[in-house]
Every structure is written in structure tokens, then in C-alpha cells.
Amino acid sequence: MNEFGNRQRRIIALAFGLLINTLSLNAQNFCPTSTAVETGSFSVPARACADVPITVTGVPTSLVNVRYEYEYSGNGLPSGTNSISKIYSTPGSYTILQTAAGPNATGTLACRVIEVLPVSPVSFSVTSCSNRLVRLRYTLDAQTIRYNTLSINWGDGSPQSTVVLNGSNTAGTIERSYAGNGTNFTVTLTGAYTGACSGKPATRSIQLSGSSTVNPNILSLTSEATEAKINYQGPQDFSLELYKKDASGTYTPTGLTGTSGGNFTIPASPTDVSCFRIVAKDACGTSERRSNEVCSLVLTATAGDKRNTLNWQPYAGTGGTFSRYRLYRNTTPTGFFSQNRLESSHADANNILCGQNYCYFLEATIANGAVSPTTVRSMSVCVTGFDNTSVASPTSAYVSVQPDGVNVQATLPDVGLPSPYTLVVTRSNGGGSPFNPLATSDDRSYLDATAQTNSQSYCYQTAIRNSCGVLSKPTSPACSILLSKGPNGSVTWTSASPYANESPQEYQVIFIDPVTGASDKRPLGNVTSYQPDPDSQITQYQIAAVNNAGIESYSNPIEVELGLRVFLPNAFTPNGDQNNQTFMAKGLIAFWNTFEMTIFSRWGDVVYNTTDKNTAGWNGEVNGAPAQSGYYGYRIKITDALGKAYQRTGQVLLIR
């Protein structure tokens, strides 16, 4: 019996091999399109998940030598494998070919198509909201969108949540509130195919956020030239956003966001009141908390006489409890302190100095219960101090003519001199003409280089102006001394005093040698004219006035020419008695620049000539011998120190 069975099997195998050989010659695809041709049989799931084993079932017991090609491509007849299990790692549609030997030693074929489904984990995130609420958001891609359902295990032992997918939506959100007291959980999300298999699970850890009872708080609001700076704090795990009140009174988001604390900087005008609040939302946006309204302060400053007036709009914010105003001057508290919210002005009269710069800012403090108070600070505004008090005048002034103009010198007051100060100089051209502004100086003196000191006298007044523009009373006029030539070679000068508050104690005449430049002084008393020495030929003169303090004021210098003075004898006696022995021109030879003397006989012959002004003269000899008595002609040529030429001619009697 056994031998018979073995023989039967060999026959069947042989017959199957012959069938296979025949078929391979006649066709390439062994998976028929009509089940009527199918002679074998087996079962596999219509759908299966990748990476999950599938098992062939339903194989008739009459089939022997059964083999499977699990990824049949339709090309020829592969040898296959006798394994009835297969794991597909790549999703897709696969054809399975079964070959076997059937009854009556005939070969059999069967084909099945299986769809291998993707098992990728679904991408998702979990966000902890407030009050133990969790928000799960999933996102489906080209593979995971094929799942029919999603199963969510929240990790707290409660029943799973199931989400039915429609094959078109690519994202979704599920919220869940946790009960109990735990705070740390693991959430698992698994995709599944209806009637088939499940994909790979994905997990996320979540730590629950507790319920917050803390509102966000604006700690400070500081106004600057073009922006407002806001320092804030808020509850943990909340998203904070700055809101600003618009013209209609509605709060709208600014787009500036932060977390538990930090700073916002937003464009804002310092001359307009701007109101803000912080809105806090949890991560899910389901819980919202708001800060108190905080509004900016707008401060203005106006300078007055020895006081600066500060004005502001009373604090406009709502919420919290107004605590106080405090005013600062140059970053230092002024002493102004008010708990009256409706207060809107203050006058600072504490040592306001003219020309000084004063900068102010106003600060308001608002209490917020148990949380930190809010500080609101205005933009700093600055003014220049003003003082309308009269300014002290110079105590005195005097003028003096110098080679390059008239020097105006003021004596400043010991008390009441403003700092800084400006010396204001006015000038009158004399003859009762008005005083007109001439110049200013930051020193106590000024040089009037435009004055024509040789042609007229000028009168000057000085005053002091402070940095606020307030001008002191002017000093009395101080007038320059004009020195002029009078008749008969005299000199005269103007009598108006060069000292603002007094007359000269005396005048002095100054003699100046035009050759050597040497000078000498002679007191004159209070006269205003002087007659030069008739023996002087040409001399420079200047007048100096002197007051009780010994201060000298000078006039312009002038030159006075009295003409060339030459003295010549009309006779001389060269007889050896040591008297009147020679003939020589006499005079102020210091003023003679050149000199020539020529003696002629009665016939016009030159008997003597010299250019030495210091010689003793003609001794009455001609060629070493005594000349005859009688008249002789002479010619004297002289140029003075200024280059002017003079000539004298005449006769002299020689007596023996």
C-alpha cells in the first residue's frame, strides 16, 4: 500500500510538471482573469497591514506540492515558496500565485490579490490648557489619511476616544478634561482600518496646567519721544498680548505678544493719552484673563518769572487704586506729592534761575491689591528758566583812545551779576545824537575799531544783559577825548568826561619826540587847552585824563608844527677875543634832518660851505687867510624831521 501511494505521488508530480511545461510555452501570465479557469484554491485577507504577517488558509487537502509566489509580477511561472506566511513591509497591491498538484495528477493554479495598508504613526501634538484641559491636534499625511478611525488612549485609565475619519480632512482637534489629581500622563494615538488592522501607535507626554487665579499686570508704562515702553508680568503657561484702546474706546490687539513677563515697545505720541491692557490666554485660548487698564501721562511745562508751571491731564486709567503723583526735576524729586487723582498742575518756584535748563517728568503710582503696583511715567519735558528781575548795571565805565580804536572798559558789579552775562555797548556820535547799539561782548571790555578817533569824539554807554534778555540800566556816558590843533600852534581837547560817573581829576600833556619816540608828561590841572613851547619846532602831543582812582584815559595823538626856527647873526668879529668869532646858523638842530650853509663874496664866489649842522661855522678866513671886512652873502638849506625843506638867504657883516 505504501509503495502504491508513493508511486501515485510520483505520477502526479510528473503529470503536474508536464502541465507546467506545456503552460509556460503557451502563456506568460498565470493569473487568469476568469475564475472559471482557476483550478487551485486558497484564502488570504483582502486587506492587511504592512509589517504584520498574513497567513494563507482554505487550501484543499487534495492539493499537494503547494507553492506560493507572494509578489507575482505576471511574468512566467516562478518556483515560489512553500511558506504559508508572509510579511509585507511596503504598502501596495500585491498578487499571490498558488501552484500545486491536484487529483488525477493534474497541475493546479490559483491567484489572489491583497492590499497592503500603510501603518505609519499619526503625527499629533498635545497642549496643556488651563483647568486640566488638554487639546490634541492631529495631522494626516498621504498615508495616514487612509485610516478609517483614530483611537486615543488618554493614559488615565478612562475609555479610549474614537475618531472616525472621512478620508478628506487632513487635521483635527480633540479636547479632553482630566479628572483626578494626576498631572503627568502619556497619550497614545493609533490609526486603524475597519475590518482590517491597526497602524503603529504614536505617544506624547503631557503635564497638566493648573487653574490660574492670577491676572496679568502692567508693572510700568513709560512715555518717550516716539514710543511707549511697557514692562509686564503674567501667569505661567499663558500667552500674553498687548491691547490698545482706539479712538472709539475699543481695545484691539496690537500683535505684540509675550509669555510670563517682559517688555513691549510700541509707537505712541507723548502728547496724546494712550491706554493699554494685557490680555492673557491659555495655550488653548479657552481661558482669558485681563489686566487693569493703564493709561499714559501727558505733561507740559511753561516758563514764567522765576517759576515753571507744570500741567497734565489727570490719570485716566481704570482699575486698581490711585496712590499718588510725584514730580521730578532733572531726575530728582521736586517735593511735589499728591494723592489727589484729579490734581492737574503744579508751579515749581524753587530757585529758578535765568537761562538754566529744567527737565521734568511726572510719575503716578497705582496700587493693584496683592500684586505689584503700576508706575506710569510721562515723557520728560524741558524749559529754560526765566527771571524778569532787573539786572544790576556796571558800577562804572571809562573809555580810552588806542592806536586801533576806542577801548570801552566796564567795571562789573560785585553783587547781582548774572551768570552768564552779556556786556551791551551803545554809542553816540556826539552833538546830542541818540545812543544806538554798537556791539556785545562776553568780556568786560570792547574795542570799537570803527571809531575815527582823529576826527571826532564818541560817547559810550554800557549795560548788562542776562540770558533771559533782561537788560540793566545803562551807565552814564563816557566820551573819548578828541585832541585838535588850535590857533597859533595851540592844542585843545573836548571837555566831556571819559569816565561814566565822574569828571577827570586832572589832565596831563604828553610830549612825544617824533624822532626817538620818547615821551614825557606834564600836569595841566583841569584846563582843556595847551600852548606848546615857542622854542619847539615840531612835536607830537597827546592828552591823558586821570580820575581819582588813578585810571588814565588817552586822547588821540596829534602833531603840531610851529615852523622852522633859524637864528642868524647879522655881523661877527673874528679878532681873537673869543667873542662872536664865527658865523653859524642857530636853532633846534635836533629837528634838522639835513643842513647846508654856503658863504659868498660880493662877487658871488663861494668862500665857505658846510653840511655839518654841529660845526662852529665860518671863522672869517678864505683859503686860510683872513678875509677882508665887509658884507658877505649866505644861503642856508635845511630839511626837518618830516622831510620838509627850508631855505634862508641874507648878508652878514664881517668886522675886523
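The structure displayed is predicted, hence computed values, not measured ones.
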message = Could you measure the distance from the CG atom of Leu471 to the OG1 atom of Thr422? Nearest 0.5 Å is fine.
response = 10.0 Å
query = If every non-hydrogen atom of Val383 is compared with every non-hydrogen atom of Asn357, which pair is closest and at what distance?
reply = O-OD1, 3.3 Å
ask   = Rounded to the nearest 0.5 Å, what separation is found between the OG1 atom of Thr321 and the CZ atom of Arg341?
value = 9.5 Å
Side-chain donor-acceptor pair present, Thr639, Thr594, cut-off under 3.5 Å = yes
inquiry  = Students often mix this up, so state it plainly: with edges at 30° and 60°, are the rings of Phe572 and Phe583 parallel, tilted or perpendicular?
reply    = tilted
ask   = For Pro394 and Thr475, which heavy atoms make the closest approach, and how far apart are they?
value = O-CG2, 3.6 Å
request  = Tell me, yes or no, whether the heavy-atom count around Asn548 atom CG, taken from other residues, nucleotides or ligands under 6.0 Å, exceeds 12.
outcome  = yes
request  = If the plane angle is over 60° it's perpendicular, under 30° parallel, otherwise tilted; pick one for Tyr458 and Tyr460.
outcome  = tilted
ask   = According to the interplanar angle, ranging from 0 to 90°, do the rings of Trp618 and Tyr632 count as parallel (below 30°), tilted (30 to 60°) or perpendicular (above 60°)?
value = perpendicular
task = Ignoring hydrogens and angles, tell me if any N or O in the side chain of Gln542 forms a donor-acceptor pair with the backbone of Ser555 under 3.5 Å.
result = yes
ask   = Taking atom types as modelled and ignoring hydrogens, do the side chains of Gln581 and Asn575 form a donor-acceptor contact shorter than 3.5 angstrom?
value = yes
key: Val470 to Thr389 - nearest heavy-atom pair and separation   = CG1-O, 3.7 Å
query = Tyr325 and ring pair (Phe, Tyr, Trp, His ring centres under 6.0 Å): which partner among Trp312, Phe336, Phe361?
reply = Trp312
query = Should Arg465 and Thr440 count as side-chain neighbours, where that means a heavy-atom distance under 4.5 Å?
reply = yes
query = Are side-chain heavy atoms of Tyr554 and Pro498 found at a separation under 4.5 Å?
reply = no
message = Just checking Asn340: does its CG atom have more than 12 heavy atoms from other residues, nucleotides or ligands closer to it than 6.0 angstrom?
response = yes
key: Heavy-atom pair with the smallest gap, counting every atom of Gln233 and Ser372   = NE2-OG, 4.1 Å
query = Under 6.0 Å from the CD atom of Glu506, do we count more than 12 heavy atoms belonging to anything else shown?
reply = yes
request  = Measure from the ring center of Tyr541 to the ring center of Phe511 and say whether it is less than 6.0 Å.
outcome  = yes
query = With distance as the sole test, does Ser553 use its side chain to make a donor-acceptor pair with the main-chain N or O of Val399 at under 3.5 Å?
reply = yes
message = Please tell me whether Asp387 and Asn466 have a donor and an acceptor in their side chains that are separated by less than 3.5 angstrom.
response = no
inquiry  = When you compare the side chain of Val509 with that of Ile543, does any pair of heavy atoms fall below 4.5 Å?
reply    = yes
ask   = Does the side chain of Asp448 pick up a donor-acceptor pair with the side chain of Thr450 at under 3.5 Å?
value = yes
Separation between CD of Gln647 and NZ of Lys637, rounded to the nearest 0.5 Å = 5.5 Å
task = Find out whether Pro504 and Asn547 are in side-chain contact, i.e. whether some heavy atom of one side chain is under 4.5 Å from a heavy atom of the other.
result = no
task = Search all heavy atoms of Glu343 against all heavy atoms of Ser338 and return the closest pair with its distance.
result = OE1-OG, 3.1 Å
request  = Heavy atoms only: give me the nearest Leu362-Leu297 pair and the separation to one decimal.
outcome  = O-CD1, 3.8 Å
query = Tell me, do Ile599 and Tyr634 make a side-chain contact under 4.5 Å, heavy atoms counted?
reply = yes
message = Any donor-acceptor pair under 3.5 Å linking the side-chain atoms of Asn368 with those of Thr374?
response = yes
task = Supply the atom-to-atom distance Glu227 CD to Met379 CE, rounded to the nearest 0.5 angstrom.
result = 12.0 Å
query = Do you see a donor-acceptor pair shorter than 3.5 Å between the side chains of Tyr530 and Arg522?
reply = yes
query = Quick one: are Ser457 and Cys479 in side-chain contact, heavy atoms under 4.5 Å?
reply = yes
task = Could you tell me the separation between the NE2 atom of His346 and the CG atom of Asn308, rounded to the nearest 0.5 Å?
result = 10.0 Å
Between Thr271 and Ser269, a side-chain donor and acceptor under 3.5 Å = yes
key: Short side-chain donor-acceptor distance under 3.5 Å, Tyr360 and Asp348   = yes
message = Which residue is it: Asn619, Ile655, Leu654, Asn580? I am looking for the one with a side-chain contact (heavy atoms from CB on, under 4.5 Å) to Pro574.
response = Leu654
key: Met597 side chain near Thr615 side chain, heavy-atom distance below 4.5 Å   = no
query = Between Thr411 and Ser396, does any side-chain donor sit less than 3.5 Å from a side-chain acceptor?
reply = yes
query = Between the side chains of Ser433 and Ser428, is a donor N or O closer than 3.5 angstrom to an acceptor N or O?
reply = yes
query = Are more than 12 heavy atoms from other residues, nucleotides or ligands located less than 6.0 Å from atom NZ of Lys244?
reply = yes
query = Tyr328 versus Thr334: any side-chain heavy-atom pair under 4.5 Å?
reply = no
